[in-house]
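Structure record follows, encoded as structure tokens.
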Amino acid sequence: MSDLALRSGLAEQLVIDIEAGRGWVDQHGVLCSLAAGLHLDPLDLTGQPYAPHGEQHATVRATAWHLRRHLFHSGPRTPVDRQGEYSGLLPVTEEVRDAQANGDEHALALALPPLLVAVDHSASSGGGRPETGTARNLAYATAAGLLRRLGYRDLAWSLLHRVRPAVDDGQVVEAEEVRLLTSMGMPGAAADRAEQHLAAARSVILLCAAAFAHASAGQRPHAEHLLDEAANRASDAEESAEVTVARASSAMQFGAWEQVLEQQEAAAAMSSARRADLMLLAAGAWARRGQIGRAVERLAEAEEAAALYIRLEPLARELLHALRARVRDADSARELECMAGRFGVK
């Protein structure tokens with residue numbers, strides 16, 4: 001454990017507590033450091049991709065096969081009526097946007113394959129509408145994000161490479177690239193890549209992704225600077241929610257539990273996915289403060305907001321294990337056992 005602490009750059013007592021079950025991993029930076037110290041991919045520590053549990057999870061897992069097939073087997077397209085194709089593209093694009101905002105992984109999994117086919121068909125038939133490029137960015141970045149959450153990160157990277165060069169549309173592809181590098185245990189590389197993209201444009205979504213990468217790499221002042229800039233640039237409720245969650249995520253990396261909890265009141269006005277993110281962070285902060293009952297309540301709220309989205313989140317599953325080992329209240333214990341059944345964990 002002393003050697004691991006030295007190789008990972010973590011405090012030896014933290015490593016000892018995790019090994020002994022007295023501590024748990026709820027900071028992405030700690031996960032990345034442990035993986036680096038063990039010469040492993042973070043996936044090897046989180047157990048992803050998880051075995052399907054329930055029909056919806058099985059459907060989402062199956063979508064990874066469809067996305068792989070689309071990536072490697074899509075060939076020339078037969079030209080079609082461009083106006084008709086464009087009008088058919090709009091409904092499925094909105095369907096993907098809604099599913100993404102709601103954290104509905106099942107609906108997203110069903111909508112993404114036809115959208116990818118439609119946007120590639122449009123591109124190959126020579127459609128020059130800017131809206132088509134926007135839809136293609138959305139389709140590939142969202143598909144890569146779903147694969148990242150499932151644990152198929154190499155495939156996600158290939159999808160992002162396929163959409164290059166991305167049209168100028170809020171830097172959704174660039175932001176997903178930064179998130180993907182961060183999730184792969186390379187927050188330093190993610191932060192460097194983010195700075196390259198920020199030299200061209202500074203969208204809220206990319207600033208937030210860059211801030212989390214810097215926070216995961218232990219660079220708190222720069223992360224907070226980027227978050228302040230993102231807050232100043234936010235122009236609507238969706239972007240404001242993105243900044244709030246990113247600020248709480250950054251605070252979580254440095255054990256600033258009070259700062260995490262300061263953000264939770266904003267959850268009521270957020271979309272389901274962002275509300276689930278914020279409630280999960282709040283659950284972790286309450287747990288760290290020893291308020292296990294409140295932590296259970298917040299974790300339950302996160303699952304209620306976006307069920308499968310949260311059940312597939314590695315740090316949510318880690319927190320569930322930690323709470324089950326520490327709960328003393330009978331009602332909370334029963335709720336956690338029911339939740340464990342829905343998560344598909346032992």
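Numbers for residues simply follow the sequence, beginning at 1.
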Distance-only, no hydrogens or angles: does the [X] side chain make a donor-acceptor pair with backbone N or O of [Y] under 3.5 Å?
X      : Y      : answer
His66  : Pro114 : no
Ser158 : Asp154 : yes
Arg317 : Arg311 : yes
Gln253 : Ser249 : yes
Arg326 : Ala322 : yes
Gln27  : Met252 : yes
Arg68  : Leu155 : no
Arg7   : Gly37  : yes
Glu318 : Val25  : yes
Asp236 : Glu239 : yes

If two hydrophobic side chains count as joined below 4.5 Å and joins carry through other members, does [X] share a cluster with [Y]?
X      : Y      : answer
Met279 : Ile292 : no
Leu45  : Leu181 : no
Leu336 : Phe343 : yes
Leu261 : Val243 : no
Val172 : Val92  : yes

Derivation and outcome, side chain to side chain contact (heavy atoms under 4.5 Å, CB included), residues Leu281 and Asp26: CA-CA 9 Å; Leu281 290 164; Asp26 55 5; over 6 Å; no
Is there a side-chain contact between [X] and [Y], using heavy atoms and a 4.5 Å cut-off?
X      : Y      : answer
Val173 : Tyr140 : no
Leu115 : Leu89  : yes
Arg136 : Asp120 : yes
Asp44  : Leu38  : no
Glu303 : Leu320 : no
Pro113 : His70  : no
Val260 : Phe254 : no
Met270 : Asp277 : no

Where do [X] and [Y] come nearest, in terms of heavy atoms and distance?
X      : Y      : answer
Ser8   : Ser33  : CB-O, 3.2 Å
Gln219 : Ala191 : OE1-CB, 4.4 Å
Ala58  : Pro52  : CA-CB, 3.8 Å
Ala248 : Leu278 : CB-CD1, 3.7 Å
Leu108 : Gln100 : CD1-N, 4.1 Å
Ala306 : Ser272 : CB-O, 4.3 Å

Measure the [atom1]-[atom2] distance between [X] and [Y] for me, rounded to the nearest 0.5 Å.
X      : Y      : atom1 : atom2 : result
Arg179 : Arg153 : CZ    : CZ    : 14.0 Å
His106 : Gln56  : NE2   : CD    : 5.0 Å
Glu313 : Leu280 : CD    : CG    : 6.0 Å
Ile310 : Leu299 : CD1   : CG    : 7.5 Å
Ile205 : Gln171 : CD1   : CD    : 9.0 Å
Trp24  : Leu323 : CH2   : CG    : 7.0 Å

Identify each donor-acceptor pair in which a side-chain atom of residues 10-17 lies under 3.5 Å from a protein atom, sequence neighbours left out, and give them as a table.
{"residue": "Glu12", "atom": "OE2", "partner": "Ser2", "partner atom": "OG", "Å": "2.8"}
{"residue": "Gln13", "atom": "NE2", "partner": "Asp17", "partner atom": "OD1", "Å": "2.9"}
{"residue": "Asp17", "atom": "OD1", "partner": "Arg22", "partner atom": "NE", "Å": "3.2"}
{"residue": "Asp17", "atom": "OD1", "partner": "Arg22", "partner atom": "NH2", "Å": "3.1"}

Using a side-chain heavy atom cutoff under 4.5 Å and only I, L, V, M, F, W and Y, what cluster partners does Val178 have?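 Once heavy-atom contacts under 4.5 Å are chained together, Val178 belongs with Leu198, Leu206, Leu207, Leu226.
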Taking atom types as modelled, find out whether Tyr309 and Asn102 have a side-chain donor-acceptor pair closer than 3.5 angstrom.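 No pair is found: no donor N or O on one side chain lies under 3.5 Å from an acceptor on the other.
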Assess the residue pair Arg247 and Asp228 against the criterion (salt bridge (charged side-chain N to carboxylate O under 4.0 Å, His left out)); give the C-alpha distance rounded to whole Å, side-chain angles, the decisive distance to 0.1 Å, and a yes or no. CA-CA 9 Å; Arg247 196 177 293 280; Asp228 289 341; 3.4 Å; yes
Are Phe212 and His28 close enough that their ring centres sit under 6.0 Å apart?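 Yes; His28 has its ring centre under 6.0 Å from that of Phe212.
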How far apart are the C-alpha atoms of Glu335 and Val327, what are their side-chain angles, what is the distance that settles it, and do they pass the side chain to side chain contact (heavy atoms under 4.5 Å, CB included) test? CA-CA 10 Å; Glu335 184 167 5; Val327 69; over 6 Å; no
Between [X] and [Y], does any side-chain N to carboxylate O distance fall below 4.0 Å?
X      : Y      : result
Arg97  : Glu94  : yes
Glu258 : Arg289 : yes
Arg294 : Glu297 : no
Arg148 : Glu176 : yes

Apply side chain to side chain contact (heavy atoms under 4.5 Å, CB included) to residues Glu195 and His222 and explain how you reach the verdict. CA-CA 11 Å; Glu195 294 302 323; His222 195 50; 3.0 Å; yes
Decide if atom CD of Glu337 counts as having more than 12 heavy atoms of other residues, nucleotides or ligands within a radius under 6.0 Å.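 Check passes, neighbour count above 12.
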Of Arg61, Arg149, His57, the residue whose pairing with Leu312 passes side-chain contact (heavy atoms from CB on, under 4.5 Å):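 The single option meeting the side-chain contact (heavy atoms from CB on, under 4.5 Å) with Leu312 is His57.
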Quick one, Trp257 with Gln259, criterion side chain to side chain contact (heavy atoms under 4.5 Å, CB included). Give me CA distance, side-chain angles, the key distance, then yes/no. CA-CA 5 Å; Trp257 319 127; Gln259 291 183 30; over 6 Å; no
